[in-house]
Amino acid sequence: MNGILIIAHAPLAHALRQCALHVFPDCGDDVVALDVLPNVPPEETLAASRVAIRQLTRRQGIEGVLVLVDVFGATPCNVAQKLVDGVRSRLVTGVNLPMLLRTVSYRHEALEALVSRAVTGGTQGVMQVAVTAPQNQVRRNHDPDHHHHQQ
């Protein structure tokens, strides 16, 4: 099994963890959140993230840790890049709720597979949705395909 560490701008990390617990109440020990507060030096955030990852890796049955961060290039990501080793821990940016739920669902898989699941879950969870169902949308008069046929 793998642990999941969320590092994000406050209050996103803890909010995402709470959402995961809402859907998967049994994942509490496997998902740790670290909110990055404004005006806190990156060194302090790095120290806190090291404590968080140790908390996960010391749990019995945890083989690896997937670190999820919100924005590439921002403090959470920069800290996480110093934290992960690429072997027992991996990093994915752009965390969103679909990504997190997918990783929690498949946290028992190998870490490499979990990375793929995270990226797929995150990207498939982003889509444009029509305001109303197409069958409920009114056709416009200037629609070239609109024909006045009697049925």
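Just so it is clear, the model here is predicted, and its values are computed rather than measured.
Neither Leu97 nor Val32 shares a network with the other; the hydrophobic side chains, linked directly or stepwise wherever heavy atoms of I, L, V, M, F, W or Y lie under 4.5 Å apart, form separate groups for each. If you chain together hydrophobic residues whose side chains sit under 4.5 Å apart, Leu68 and Val23 fall into the same group. Note on Met99 and Val31: same hydrophobic cluster, where clusters join Ile, Leu, Val, Met, Phe, Trp and Tyr whose side-chain heavy atoms are under 4.5 Å apart, directly or indirectly. Note: the hydrophobic cluster containing Tyr106 does not contain Ile62 (ILVMFWY, side chain heavy atoms under 4.5 Å, direct or indirect links). Linking ILVMFWY side-chain heavy atoms closer than 4.5 Å, directly or via other members, places Leu5 and Phe72 in two distinct hydrophobic clusters.
In this structure, the side chain of Arg90 does not engage the main chain of Val65 through any donor-acceptor pair within 3.5 Å. Asp70 contributes no side-chain N or O that, together with a main-chain N or O of Val95, makes up a donor-acceptor pair within less than 3.5 Å. For the pair Arg107 (side chain) and Val104 (backbone), a donor-acceptor distance under 3.5 Å is present. The main-chain N or O of Glu109 is found under 3.5 Å from a side-chain atom of Asn2 such that the two form a donor-acceptor pair. Checking side-chain atoms of Arg102 against main-chain N and O of Leu114 turns up no donor-acceptor pair under 3.5 Å.
In this structure the side chain of Val67 never reaches within 4.5 angstrom of the side chain of Val92, judged on heavy atoms.
The heavy-atom pair separating Gly28 from Arg17 by the smallest distance is O-NH2, 2.8 Å. Closest heavy-atom contact between Cys77 and Val71: CB-O, 3.3 Å. Shown here for Ile7 and Pro76, the closest heavy-atom pair between the two residues is O-CB, 3.5 Å. Between Leu34 and Ala48 the shortest heavy-atom distance is CD1-CB, 3.9 Å. When all heavy atoms are compared, the tightest approach of Leu37 to Ala10 is CD2-CB, 3.6 Å. Contact record, His14 with Ala33: CE1-O, 3.4 Å, taken as the closest heavy-atom pair.
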Exercise. Start with the C-alpha distance between Gln81 and Leu91, add both sets of side-chain angles, then the distance that settles side-chain contact (heavy atoms from CB on, under 4.5 Å), and finish with yes or no.
Key: CA-CA 7 Å; Gln81 286 178 298; Leu91 173 62; 3.6 Å; yes
Practice problem: Evaluate the side-chain contact (heavy atoms from CB on, under 4.5 Å) criterion for residues Leu101 and Phe24: first the C-alpha distance (whole Å), next the side-chain angles of each, then the deciding distance (0.1 Å), finally the verdict. | Solution: CA-CA 8 Å; Leu101 295 178; Phe24 299 100; 3.9 Å; yes
Quiz prompt | Leu21 vs Cys27, side-chain contact (heavy atoms from CB on, under 4.5 Å): CA-CA, chis, key distance, verdict | solution = CA-CA 6 Å; Leu21 286 169; Cys27 77; 3.8 Å; yes
Exercise. May I have the step-by-step check of side-chain contact (heavy atoms from CB on, under 4.5 Å) for Ile4 and Asp30, ending in yes or no?
Key: CA-CA 6 Å; Ile4 301 164; Asp30 302 331; 6.0 Å; no
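Here the rule is side chain to side chain contact (heavy atoms under 4.5 Å, CB included) with Ser89, and of Leu66, Ile53, Thr57, Leu56 only Ile53 fits it.
Here Gln55 contributes atom CD and Asp29 contributes atom CG; the two are 8.5 Å apart, rounded to the nearest 0.5 Å. Remark: Arg117 CZ to Gln124 CD distance equals 10.0 Å, nearest 0.5 Å.
Partners of Arg50 according to the side-chain contact (heavy atoms from CB on, under 4.5 Å) rule, which considers only residues two or more places apart in sequence or in another chain, are Leu46, Arg54, Leu83.
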